[in-house]
Structures are given as C-alpha cells and as structure tokens.
Amino acid sequence: MTEGTTTTAAEGSDTLSRLEQEGEIAADYLEGLLDIADLDGDIDMDVEADRAAVSIISESPRDLQKLVGRDGEVLEALQELTRLAVHRETGDRSRLMLDIGGFRAKKREVLAALGAKAADEVKSAGEPVKLEPMTPFERKVVHDAVAAAGLRSESEGEEPQRFVVVLPA
C-alpha cells in the first residue's frame with residue numbers, strides 16, 4: 001500500500017467515525033424529544049452518501065405522523081433542530097438526514113419516478129420541463145433521477161418557490 005492510499009483510507013475512517021458520532025448525538029437528541037412528546041419509537045442510525053442518516057421507526061407509524069406533519073413540514077423543522085443539536089456538540093455543520101416513519105423513503109421513490117418521467121418527456125419532446133417548487137431534499141432526488149436517465153437538470157427560482165428544470169441533452 002502506498003502512502004497516498006494509507007492517507008485516503010485514514011481520511012475515510014475519520015469521516016465515517018465523524019458521521020457515526022453525528023448519528024449518535026442526533027439519536028440522543030431525538031430520544032429526548034420522543035420522551036418529552038410521550039411517543040414510542042426506535043432510532044435507527046446509518047451512514048448514506050457521506051451523510052449521517054437517522055430514522056425514527058415505530059410499530060404504529062400513525063403515532064409518528066405528528067412528527068412528520070403536513071407534507072413533511074414538521075419533519076423538515078425537526079431535521080434542522082437535530083442538525084443544530086449536532087452542531088452545538090461538534091462545532092461542525094451537519095448534513096444529517098432525518099426520516100420519520102419511512103416518510104422520506106416513500107417520498108424518495110415518488111420523486112425518483114417523477115424525475116424519470118420528466119426525463120422521458122424531455123427526451124421525446126426535446127423541450128425543457130419545469131417541475132413544481134420543491135424542498136432541497138426533493139430537488140436533490142429529482143436531480144439524481146434525471147442524471148441517471150442521462151440528462152441534466154438545474155434548480156431555478158428563490159426559496160421557497162425553487163424548482164427543477166429538466167433540460168434536453
């Protein structure tokens with residue numbers, strides 16, 4: 001093994017350790033939140049795409065719906081609060097992703113299909129397609145789906161009205 005390879009492996013290990021620490025801090029914060037709200041739920045931690053990923057799961061997902069809110073608005077707010085809790089402990093900005101009751105996982109599937117459908121429309125018509133305004137998470141999923149279909153896309157507009165435009169090749 002060369003020196004460059006050793007350094008890269010060590011950096012990867014450091015990054016993984018840092019992301020695992022973020023997940024643990026987030027899990028502690030969310031467990032406290034669940035206790036305060038008197039809600040049942042288990043915390044699952046993982047590292048996905050260079051981000052800590054934390055999920056709250058429950059035998060009765062209906063209880064967790066309060067933490068998701070309408071269109072995921074409460075989930076977005078809780079994710080930001082959790083990121084702030086991690087930042088307070090580590091001093092580093094966190095890109096942690098929070099899912100509650102599988103809401104984001106289901107949303108990811110729907111958005112990936114939307115991105116693929118928009119890409120198909122652009123391929124057949126040769127004209128750009130503008131999608132409805134989306135959150136940063138939603139736009140990222142659509143951008144990834146469009147790229148997987150071999151096209152490119154851009155975000156346009158200002159928050160909260162920022163949207164994705166799928167462009168011809």
Side-chain angles (χ1 to χ4, degrees), residues 4 6-112 114-115 131-148 153-164:
T6 305
T7 303
T8 303
E11 287 172 359
S13 176
D14 289 348
T15 299
L16 182 60
S17 296
R18 182 181 51 78
L19 294 174
E20 287 172 344
Q21 178 191 17
E22 281 187 24
E24 289 172 16
I25 293 166
D28 289 345
Y29 176 79
L30 292 166
E31 283 175 1
L33 179 82
L34 289 173
D35 287 344
I36 291 168
D38 196 29
L39 294 171
D40 289 328
D42 295 320
I43 309 290
D44 184 36
M45 297 178 298
D46 200 1
V47 173
E48 298 172 359
D50 292 331
R51 289 181 175 205
V54 179
S55 301
I56 301 175
I57 51 178
S58 176
E59 294 292 323
S60 53
R62 192 173 171 94
D63 291 344
L64 298 179
Q65 186 58 39
K66 297 171 193 168
L67 297 177
V68 173
R70 188 181 56 136
D71 295 328
E73 289 173 343
V74 176
L75 170 59
E76 290 288 335
L78 288 174
Q79 177 175 275
E80 285 307 309
L81 289 172
T82 305
R83 286 177 173 177
L84 287 171
V86 170
H87 177 73
R88 186 185 66 223
E89 291 289 321
T90 65
D92 294 326
R93 181 178 172 274
S94 173
R95 297 181 338 125
L96 174 131
M97 288 297 294
L98 175 63
D99 191 7
I100 298 175
F103 178 83
R104 280 200 201 271
K106 290 177 205 144
K107 188 90 167 177
R108 185 177 276 125
E109 288 176 17
V110 170
L111 291 166
L114 175 67
L131 302 176
E132 295 296 314
M134 299 177 189
T135 66
F137 162 76
E138 293 167 337
R139 290 193 309 270
K140 169 81 168 97
V141 173
V142 172
H143 286 306
D144 290 347
V146 169
S153 56
E154 297 174 350
S155 292
E156 293 184 6
E158 298 293 322
E159 295 292 353
Q161 296 299 313
R162 201 153 164 80
F163 59 94
V164 173

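This structure is a prediction, so every number in the text was calculated from the model and none was measured.
With no hydrogens or angles considered, a side-chain donor-acceptor pair links Ser153 and His143 at under 3.5 Å.
Put simply, the residue from Ile100, Leu67, Leu64 that forms a side-chain contact (heavy atoms from CB on, under 4.5 Å) with Leu75 is Ile100.
The side-chain heavy atoms of Glu24 and Met45, taken from C-beta on, include a pair separated by under 4.5 Å. No side-chain heavy atom of Glu59 sits less than 4.5 Å from a side-chain heavy atom of Asp40. Residues Arg108 and Phe137 have side chains in contact (heavy-atom distance under 4.5 Å, counting atoms from C-beta outward). Counting only heavy atoms from C-beta outward, the side chains of Asp99 and Ile56 never approach each other to under 4.5 Å. Counting only heavy atoms from C-beta outward, the side chains of Phe163 and Glu132 never approach each other to under 4.5 Å.
The salt bridge (charged side-chain N to carboxylate O under 4.0 Å, His left out) check on Glu80 picks up Arg83, with sequence neighbours excluded. Applying the side chain to side chain donor-acceptor pair (under 3.5 Å) rule to Ser58 yields no partners; only residues at least two apart in sequence or on another chain are considered.
The list of salt bridge (Lys or Arg N to Asp or Glu O under 4.0 Å) pairs with a residue in residues 67-77, not counting sequence neighbours, reads Arg70-Glu73, Glu76-Arg104.
Side-chain atoms of Arg139 never come within 3.5 Å of backbone atoms of Val164 as a donor-acceptor pair (strictly under, hydrogens ignored). Looking at Arg51, its side chain never comes within 3.5 Å of a backbone N or O of Leu96 through a donor-acceptor pair. When atom types are taken as modelled, the side chain of Ser55 and the backbone of Ile57 share no donor-acceptor pair closer than 3.5 angstrom.
Under 4.0 Å is where a charged nitrogen must lie from a carboxylate oxygen, and between Asp144 and Lys140 at least one such pair does.
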